[in-house]
A.B. asks: 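Structure in structure tokens, see below.
Below, each value reflects all heavy atoms present in this structure, side chains not excepted, and no hydrogens, waters or symmetry copies.
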Protein chains: 2
Amino acid sequence: MKKITIKDVAKKANVSEATVSRVMSNSPLISDKTKRKVLKVIKELDYFPNSAAVSLTKSSSRILGIVIEDQNDNPLQNDFFTETLSYISAYALERGYYILYIHSKDNEELHENIERLIKTNRIDGLVFLNLVENDRNINYLKEIKFPYVVLGTPKELDKGLWVDNDNIKATREVTKRMIQKGYTNFTFLSGPTNLTVSNYRKEGYTIALKEAKIKSMYQISSDFDSYEAYHTTKELLMQNNQIEVIITTDDILAIGAIRAIEELGKKVEVTGFNNSKLRKYLKLNFTTVDIRYEELANKSVNILIDNIENVKREKNFVIVQADIIGGEKNGTKL
Amino acid sequence: MKKITIKDVAKKANVSEATVSRVMSNSPLISDKTKRKVLKVIKELDYFPNSAAVSLTKSSSRILGIVIEDQNDNPLQNDFFTETLSYISAYALERGYYILYIHSKDNEELHENIERLIKTNRIDGLVFLNLVENDRNINYLKEIKFPYVVLGTPKELDKGLWVDNDNIKATREVTKRMIQKGYTNFTFLSGPTNLTVSNYRKEGYTIALKEAKIKSMYQISSDFDSYEAYHTTKELLMQNNQIEVIITTDDILAIGAIRAIEELGKKVEVTGFNNSKLRKYLKLNFTTVDIRYEELANKSVNILIDNIENVKREKNFVIVQADIIGGEKNGTKL
DNA sequence: TTGTAGGCGTTATCAA
DNA sequence: TTGATAACGCCTACAA
């Protein structure tokens, strides 16, 4: 199986290599006649240009790296990753880019990988699937001005490309819904407090309560761990009989909380975040927020590629709408 | 940020480009002195060879494609994919290969993708994460003799590279364990019957029963869908009071079955397969099989790369040991 | 042990 | 509208 090169095509079509190249890149400086002729030969020989040669001359690989930090054994994260990954890959492909998977348990190794990938010209840009505060890699990319996009809201809103939901707004809406149901005793169950997203969601919660002039509110936090959420909730509820609603920052926390509530035979409403498959899978129907994975993926890929290809944009970020769903019957298992 | 090339290094080190190249590739035909000198300059200039140029001369990209077929909304699949993906990526990296993520909802598109990736020389080999019977892509690869490995047991055992557990043996062992517990009324709850793996597991089950001269056995099947498994099991149990054990081919089926059993207040033991995170997550403790993801990943990457690099091997496959775990207390939720 | 030079498969510049 | 030809950055005979 000898590889067909541009030379073979040129010879068979009786034109120069340059002409074939022009046909491939859809150049306008070509007569229709020769174009057709060359295209025919390309079809016949089933010619595909060697990507290494193209990369070499264009100094662009048309590959995006996607960085996955460790998942911490959280099954919801897995949903998030596989979903986002496949959407990102699909939208990247639409613009002619492929996805290189970058993952490492070890942070130092991850950094070296990214560095090598960039320096060897293997990738044109990077997508970060989870935003860590003051991430070393992000700082590095900023420094060397390498194109990247982050799924999440960074500290400095005007720096770097990012795509995210409006977490404040979404949590505020969720909380408002609960207020409208007539509840007045709220508790906020947060995920890891070192994640920016936790703080944004807390802010939304706080605003909604303030607007409604509701005072009573407890705040507890937990890792993204349903088991811990279960224990934390249980303790809380045993100490406090008034609580009517627990607003959480993640379905996984909500699920843990619900288990505690059921066990204590209490009537407390819970809200989640992220519209996880696990929630659907367990047939739980608490209120949650659908963050529109597909749109997040779409927007991040496109803002990144625009940046790579020097397509001008007004803003360096995109806010994706989120939808509040569920909540008709709370915690009803099938 | 101008890119450093081999030329820059050569100039600064006062040697030819060839010498630098030799140092990079650790060639023996080099004096220690110049080697050290060149290495020093490489460090100083922070030189990394352009991968496109290397690919072009070596006609090898050092990239492996990993093919993910559609996940069908099964949360366990997600676990499997993210786990395997990250292990595969780690082991590939150890041998200097990167992972390109290949996924498409549309089968035709997937095929075109694979074809283009190969013809443009972007990938050196392919890993298939789920084996479909008579897969079009696999047939294509066989035809053009392109290196690939499959995680699963193919129909023709002597064709192509593959890595899998011994499913027959594992299911046979699981069934034997149940027999040793004194049960005599068995049912087999299978996943999709068009998957080879379902049939292998069924065979293991059948053998174990035959060996123990146990006759009574029912067989039902279901999609990889806990909800369907739940209904199927419920129906079965309502018609039949004797059943003591249900052997399933997947944790997700086991979980569905357990829910049905609990609902009916029956005492039926269930076994699963795959040691899913969901099982741990739900704190269920039915007997299941740990298929050793990491080893599966490791072996498949290495058998594939050996093939790519013409490293001779005795066999075209690797069987990975599986471990039976759990089962002390069945279905006990926390 | 080292250097020279041709080649890998394209693209892009400059002539024609 | 087309064709030569010099890059792109590296590797590898072949010579020295």
Side-chain angles (χ1 to χ4, degrees), chain A residues 1-39 41-42 45-63 96 116-122 124 309, chain B residues 1-39 41-42 45-62 96 116-124 309:
Chain A
M1 268 262 303
K2 234 204 84 206
K3 290 276 175 191
I4 305 294
T5 73
I6 202 172
K7 205 176 266 175
D8 303 314
V9 179
K11 201 174 290 169
K12 181 154 183 190
N14 253 314
V15 294
S16 71
E17 300 175 27
T19 302
V20 178
S21 175
R22 287 189 190 103
V23 172
M24 287 301 295
S25 59
N26 230 316
S27 156
L29 340 127
I30 270 245
S31 77
D32 258 29
K33 208 195 301 173
T34 49
K35 186 169 177 176
R36 262 195 300 279
K37 181 174 64 176
V38 172
L39 277 176
V41 176
I42 287 177
L45 296 184
D46 196 25
Y47 165 67
F48 285 81
N50 180 310
S51 68
V54 176
S55 293
L56 189 55
T57 50
K58 302 250 211 161
S59 57
S60 144
S61 62
R62 294 198 88 86
I63 291 182
R116 174 153 1 102
L117 251 6
I118 295 174
K119 296 220 167 112
T120 56
N121 256 290
R122 272 200 190 272
D124 292 347
E309 299 180 348
Chain B
M1 268 260 302
K2 234 204 86 206
K3 290 276 173 191
I4 306 293
T5 74
I6 201 171
K7 203 177 269 175
D8 302 316
V9 179
K11 200 174 290 168
K12 180 154 185 190
N14 255 316
V15 294
S16 72
E17 299 175 27
T19 303
V20 179
S21 175
R22 288 189 189 104
V23 172
M24 287 302 293
S25 59
N26 230 317
S27 156
L29 340 125
I30 271 245
S31 77
D32 258 28
K33 207 195 301 172
T34 51
K35 186 168 177 178
R36 261 196 300 280
K37 180 174 63 175
V38 172
L39 277 175
V41 176
I42 287 177
L45 296 184
D46 196 26
Y47 165 68
F48 285 81
N50 180 310
S51 68
V54 176
S55 293
L56 190 54
T57 50
K58 302 252 210 161
S59 56
S60 143
S61 62
R62 295 198 87 88
R116 175 156 359 103
L117 252 6
I118 295 174
K119 296 219 167 114
T120 56
N121 256 289
R122 271 199 190 273
I123 53 176
D124 292 348
E309 299 179 349

A.B. asks: Figure out the NZ/C1' separation between B/Lys7 and C/dT4, and round it to whole Å.
C.D. replies: 14 Å

A.B. asks: Could you walk me through whether A/Lys35 and A/Asn26 pass side-chain contact (heavy atoms from CB on, under 4.5 Å), step by step?
C.D. replies: CA-CA 9 Å; A/Lys35 186 169 177 176; A/Asn26 230 316; 3.2 Å; yes

A.B. asks: Enter the distance from A/Asp32:CG to A/Leu39:CG here, rounded to the nearest 0.5 Å.
C.D. replies: 10.0 Å

A.B. asks: Looking at every strand, decide which applies to B/Val15 at a 4.0 Å heavy-atom threshold: base, sugar-phosphate, or nothing.
C.D. replies: sugar-phosphate

A.B. asks: To the nearest angstrom, how far is B/Glu17 atom CD from C/dG6 atom C1'?
C.D. replies: 13 Å

A.B. asks: Is the phosphate of C/dT2, meaning OP1 or OP2, less than 4.0 Å from a side-chain N or O of B/Ser31?
C.D. replies: yes

A.B. asks: For B/Lys3 and D/dC10, give me the distance from atom NZ to atom P, rounded to whole Å.
C.D. replies: 11 Å

A.B. asks: Is there a side-chain polar atom (N or O) of B/Ser55 under 4.0 Å from OP1 or OP2 of C/dC8?
C.D. replies: no

A.B. asks: Please determine, for the side chain of A/Ala53, which listed nucleotide (C/dT1, D/dC10, C/dG9) has the closest atom?
C.D. replies: C/dG9

A.B. asks: With DNA chain C as reference, determine whether B/Lys33 or B/Leu56 sits nearer its 5' end, using the nearest nucleotide of each.
C.D. replies: B/Lys33

A.B. asks: Quick one: do A/Met24 and A/Ile42 satisfy side-chain contact (heavy atoms from CB on, under 4.5 Å)? Show the steps, please.
C.D. replies: CA-CA 9 Å; A/Met24 287 301 295; A/Ile42 287 177; 3.6 Å; yes

A.B. asks: Name the nucleic acid region contacted by B/Ser21, choosing base, sugar-phosphate or nothing; use a 4.0 angstrom heavy-atom cut-off, strictly under.
C.D. replies: base

A.B. asks: Expressed as a whole number of angstroms, how long is the span from B/Lys11:NZ to D/dC10:P?
C.D. replies: 13 Å

A.B. asks: At 4.0 Å (heavy atoms only), tell me whether B/Leu29 reaches a base, stays on the sugar-phosphate, or touches nothing.
C.D. replies: base

A.B. asks: Between atom CZ in A/Phe48 and atom C1' in C/dT10, what is the gap in whole Å?
C.D. replies: 16 Å

A.B. asks: Could you give the CZ-to-C1' distance, from B/Arg122 to C/dT10, as a whole number of Å?
C.D. replies: 13 Å

A.B. asks: Hey, could you give me the CG/OG1 distance between B/Asn50 and B/Thr5, rounded to the nearest 0.5 Å?
C.D. replies: 9.5 Å

A.B. asks: Closest approach to the side chain of A/Ala18, judged atom by atom: which nucleotide of C/dT11, D/dG3, C/dT2 is it?
C.D. replies: D/dG3

A.B. asks: To the side chain of A/Thr5, which of C/dG9, C/dT2, D/dA4 is closest?
C.D. replies: C/dG9

A.B. asks: Which part of the nucleic acid, if any, lies within reach of A/Ser25 when heavy atoms closer than 4.0 Å are counted: base, sugar-phosphate only, or nothing?
C.D. replies: nothing

A.B. asks: Please state whether the phosphate of C/dG3, meaning OP1 or OP2, lies under 4.0 angstrom from any side-chain nitrogen or oxygen of B/Ser16.
C.D. replies: yes

A.B. asks: How close or far is atom C1' of D/dC11 from atom CZ of B/Arg22, stated in whole angstroms?
C.D. replies: 10 Å

A.B. asks: Just the rounded figure in Å: distance from P of C/dT10 to CD1 of A/Ile4.
C.D. replies: 10 Å

A.B. asks: OP1, OP2 of C/dG3 versus side-chain N and O of B/Thr19: anything below 4.0 Å?
C.D. replies: yes

A.B. asks: Please determine, for the side chain of A/Val54, which listed nucleotide (C/dG3, D/dC10, C/dT11) has the closest atom?
C.D. replies: C/dT11

A.B. asks: Given B/Ile4, which partner from the list B/Val41, B/Asp46, B/Leu45 fulfils the side-chain contact (heavy atoms from CB on, under 4.5 Å) test?
C.D. replies: B/Leu45

A.B. asks: Between A/Asn121 and B/Ser51, is any side-chain donor less than 3.5 angstrom from a side-chain acceptor?
C.D. replies: no

